[in-house]
Protein chains: 4
Amino acid sequence: MTEKDNIDDIPELINVDENLTPKQKLILQSAIEVFSEKGYAAASTNEIAKKAGVAEGTIFRHYATKKKLLISIVMPLFSHILAPTVLKSFKREVFDNGYESFEGFLRVLIKNRLEFARKNLPLLKILIQEMAFQEEFRDRFQKVFRDNIYGKFKDIIKYYKDKGELVDWEEDDIIRYIISTIVSSLITKVLIMPPKELDDEKFIDQTIRFIISGLKK
Amino acid sequence: MTEKDNIDDIPELINVDENLTPKQKLILQSAIEVFSEKGYAAASTNEIAKKAGVAEGTIFRHYATKKKLLISIVMPLFSHILAPTVLKSFKREVFDNGYESFEGFLRVLIKNRLEFARKNLPLLKILIQEMAFQEEFRDRFQKVFRDNIYGKFKDIIKYYKDKGELVDWEEDDIIRYIISTIVSSLITKVLIMPPKELDDEKFIDQTIRFIISGLKK
Amino acid sequence: MTEKDNIDDIPELINVDENLTPKQKLILQSAIEVFSEKGYAAASTNEIAKKAGVAEGTIFRHYATKKKLLISIVMPLFSHILAPTVLKSFKREVFDNGYESFEGFLRVLIKNRLEFARKNLPLLKILIQEMAFQEEFRDRFQKVFRDNIYGKFKDIIKYYKDKGELVDWEEDDIIRYIISTIVSSLITKVLIMPPKELDDEKFIDQTIRFIISGLKK
Amino acid sequence: MTEKDNIDDIPELINVDENLTPKQKLILQSAIEVFSEKGYAAASTNEIAKKAGVAEGTIFRHYATKKKLLISIVMPLFSHILAPTVLKSFKREVFDNGYESFEGFLRVLIKNRLEFARKNLPLLKILIQEMAFQEEFRDRFQKVFRDNIYGKFKDIIKYYKDKGELVDWEEDDIIRYIISTIVSSLITKVLIMPPKELDDEKFIDQTIRFIISGLKK
DNA sequence: AATGAATGAGGGTTCATTCAT
DNA sequence: TATGAATGAACCCTCATTCAT
């Protein structure tokens with residue numbers, strides 16, 4: 001499993017790398033916190049500035065607009081949230097060698113996304129919230145999904161369907177159930193449930209079993 | 001009116017009954033629209049008043065505060081969204097007569113909640129959004145769930161588990177998968193997917209099959 | 001000279017009539033003062049509000065924008081500053097009866113405009129200043145001039161030129177010298193010179209003589 | 001260089017000579033443009049810096065204050081706008097030799113000032129604008145006028161009045177009409193009228209004739 | 001009860017000015 | 001000397017809320 005390392009190489013913490021000045025990092029960090037706690041509309045640049053230990057004007061020097069501040073926080077997420085590398089490396093592994101199981105695929109996917117969600121909780125909360133109101137976010141999300149994920153995902157599903165491991169539904173429906181189950185499980189686990197109540201292994205095993213059984217032929 | 005508890009009698013449209021003056025209804029209707037479109041924080045009482053065709057002052061005569069207006073919109077939802085009657089009537093039917101299947105239970109649940117979601121789309125959008133920020137909503141939701149739903153739900157799950165129709169997990173976990181699957185399916189179906197793309201029957205059948213298989217022993 | 005009264009009927013004080021609320025009048029009055037003293041760009045809505053004894057928000061309730069406040073001050077001026085009635089009544093008098101002299105024409109014009117300038121000094125200062133920067137003001141001014149003044153003025157000039165009282169220049173040039181002399185004289189008299197240094201009668205006589213001699217055949 | 005006072009030697013382009021560093025020249029040039037286009041109050045040091053291709057801080061290193069930048073632009077104008085040399089050289093010529101006519105005097109004056117106005121249009125626009133708001137500019141202007149111009153001008157007017165070429169008004173009034181006619185003519189010609197509509201010679205001849213006739217005995 | 005003018009605190013944003021580099 | 005990031009006061013404007021009518 002030499003390719004497995006790839007997954008771990010995805011920079012999971014967003015907005016903390018890049019060549020940002022220290023003040024910019026502070027501002028981003030603070031903005032993420034405040035946006036996440038109060039929502040974009042209810043957050044005030046004044047509070048963000050205070051929490052960042054920075055003058056309010058400094059925010060606007062770097063991010064001309066409150067909206068642009070939001071965008072510069074949310075946009076980088078899209079390239080990470082859908083984690084193309086997970087699919088890419090997996091697909092290569094499976095199609096080249098043919099030994100990976102559907103369960104293995106799900107396990108990697110869930111594990112990886114759980115880790116990602118844990119590390120970027122406030123960011124994800126912002127994203128989910130604003131997707132409801134900002135059309136550009138929805139559009140961008142769809143585009144990234146269609147361009148980078150959908151094709152590979154479909155190929156993988158088709159592969160296992162042809163092998164007789166999956167129910168005879170359209171690939172789109174199957175994908176929909178997989179994703180919505182994973183997403184809702186993650187939200188439940190990470191956002192709603194009391195922390196540590198359910199240990200990760202058990203949670204992952206259950207979710208995998210639920211999906212596999214649910215989609216078995 | 002002995003049948004008042006009947007599923008079909010649940011008033012599905014919220015905030016339009018009760019003893020409200022015409023102006024109050026207009027205000028609530030308008031507030032729901034605006035809150036739903038822009039989010040609570042970004043909505044202005046001025047816009048709500050204009051869309052309702054009343055003076056801005058009139059809003060505050062009835063709902064002392066913008067926040068209280070939100071609350072008086074969202075709170076009644078809790079007693080409906082969790083639809084105790086569905087469970088209650090179902091439980092009575094099953095335990096009294098013993099003839100209903102797990103699939104029948106799911107079918108009624110999903111059908112009913114799909115209908116409800118369709119009829120109260122804007123309201124639900126508001127609720128979901130604000131649950132993220134207003135702790136009191138989360139608390140109230142949990143309380144209503146614990147007091148009215150959880151017990152009956154657990155009994156029903158236990159019943160089918162004892163009959164050997166369900167996987168041998170803790171009831172809580174099973175409930176979690178059922179609810180999160182239904183919720184995420186509904187959100188996908190009602191909010192995200194292009195309308196009419198998937199006909200209701202096929203959608204319901206698939207979802208039921210997915211859950212049943214996923215939770216089969 | 002029954003028509004002469006018309007001239008006196010021109011409402012010379014601008015922005016104080018109309019159906020304005022008391023607060024609106026206060027705001028306009030205050031805005032005129034502040035704009036006139038500091039210029040539009042350097043004037044702050046805060047200062048205008050304070051001087052008007054009104055909350056800053058009240059300004060924006062009536063005039064959505066600082067710019068619109070300026071416009072609603074300046075625009076009405078255009079219809080008055082060029083005082084079509086002066087020309088109209090004069091033209092009628094002259095062409096109907098034929099007894100008025102070029103000197104009489106000038107005298108009425110200057111007297112009337114002097115009075116107007118005196119009564120609307122701050123307004124005129126604002127107008128002159130902003131004409132330099134706001135293209136829409138220049139355009140509007142030109143349009144009003146072309147549509148209401150130019151034609152009548154030209155007819156009058158032509159009439160006296162034909163009578164041999166005026167130099168044989170193009171009407172446009174003659175009009176230019178008359179207007180620029182009157183304007184510059186008024187500015188000098190009203191804005192620059194120490195008040196009362198030169199009594200009005202002497203000033204008017206001199207200016208008339210200067211123009212008449214300057215444009216004599 | 002005995003001829004240094006010669007009219008032709010007056011440096012007509014302001015603020016480009018002196019011992020200024022290249023950066024200073026760039027800043028001044030840029031500031032003149034921006035002040036002229038937007039007005040002093042509406043001009044931002046940021047825009048000036050950008051247009052000059054220097055850092056914003058550099059402006060304040062040379063001109064401690066935005067106001068001082070304005071002053072250092074406007075002040076040198078006073079010594080040029082009133083062009084003492086015109087009068088001085090003219091006066092010498094006339095009184096020493098006695099051959100120059102009033103018309104010749106006017107012609108030199110107008111021609112010279114027209115040229116000057118053309119070359120320093122943006123500067124003059126700034127000056128005129130700010131004279132309305134900055135008392136110190138008005139004071140300085142008056143002082144320069146009194147100290148350098150008024151006396152010589154009066155002598156010249158007196159000379160021609162004594163020769164019987166001018167109307168029998170007070171010298172001050174005569175000066176006023178000459179200056180205000182020239183100024184308003186120049187403004188009309190240089191700022192308002194479509195360029196080249198009136199050729200210079202015709203314009204100058206007309207203006208001279210207008211003034212001479214207007215002030216003829 | 002209903003209105004809508006008025007309020008003023010707070011919103012996002014701009015900008016002259018400072019200062020460490 | 002020149003820079004440009006940083007500042008924070010002030011700017012224009014919005015908005016929930018009040019209150020006289």
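In what follows, chains are A, B, ... by sequence order, proteins preceding strands, each numbered from 1.
- Regarding contacts with the backbone of F:dT14, every side-chain N or O of B:S44 stays at 4.0 angstrom or more from both OP1 and OP2.
- Here the CG atom belonging to D:L127 is positioned 11.5 Å from the OG atom belonging to D:S36, to the nearest 0.5 angstrom.
- Of the candidate nucleotides F:dC12, F:dA16, E:dT13, F:dA16 has the atom nearest to the side chain of B:K66.
- Residue A:A43 is classed as a sugar-phosphate contact, given heavy-atom separations below 4.0 Å to backbone atoms only.
- Here B:H62 contributes atom NE2 and B:K23 contributes atom NZ; the two are 8.5 Å apart, rounded to the nearest 0.5 Å.
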Base-pair map of DNA chain E as dot-bracket, where | denotes pairing with a different strand and pairs are Watson-Crick or G-U under 3.5 Å: .||||||||||||||||||||
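- Taking atom NZ of C:K67 as the reference point, atom P of F:dC13 lies 11 Å away to the nearest angstrom.
- What separates NZ of B:K68 from C1' of F:dT17 is a distance of 12 Å, to the nearest Å.
- One atom, CD1 of A:I48, and another, C1' of F:dG8, lie 17 Å apart when rounded to the nearest Å.
- Distance D:K50 NZ to F:dA5 C1': 14 Å, rounded to the nearest Å.
- Here the side chain of C:S72 pairs a donor or acceptor atom with the backbone of C:L69 at under 3.5 angstrom.
- A distance of 9.5 Å separates CG in B:L77 from CZ in B:F137, rounded to the nearest 0.5 Å.
- Around NZ of B:K51, the count of heavy atoms belonging to other residues, nucleotides or ligands within 6.0 Å exceeds 12.
- The main-chain N or O of D:Y40 is found under 3.5 Å from a side-chain atom of D:K66 such that the two form a donor-acceptor pair.
- For the atom pair NZ of A:K25 and CG of A:L28, the computed distance is 10.0 Å after rounding to the nearest 0.5 Å.
- Checked against A:E136 for a salt bridge (charged side-chain N to carboxylate O under 4.0 Å, His left out), the options A:K67, A:K143, A:K68 give a single hit: A:K67.
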What are the atom names and distances for every N/O pair under 3.5 Å that joins the protein to nucleotides 6-9 of chain E?
from	atom 1	to	atom 2	distance (Å)
E:dA6	OP2	C:H62	NE2	2.6
E:dA6	N7	C:R61	NE	3.0
E:dT7	OP1	C:K23	NZ	3.3
E:dT7	OP2	C:A55	N	3.1
E:dT7	OP2	C:T58	OG1	2.4

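- Heavy-atom distances to DNA chain F give each of B:Y40 and C:N46 a nearest nucleotide, and the one nearer the 5′ end belongs to C:N46.
- Per the geometry, OH belonging to D:Y63 stands 17 Å off P belonging to E:dT18, to the nearest Å.
- In this structure, NZ of D:K25 is placed 14 Å from P of F:dA2, rounded to the nearest angstrom.
- Nucleotide F:dT7 holds its C1' atom 13 Å from the CZ atom of D:F60, rounded to whole Å.
- In this structure, D:T45 reaches the bases: a heavy-atom distance under 4.0 Å links it to at least one base atom across the strands shown.
- To the nearest angstrom, C1' of F:dT17 lies 13 Å from CG of B:L69.
- Between the CZ atom of C:F35 and the OG atom of C:S30 there is a distance of 9.0 Å, given to the nearest 0.5 Å.
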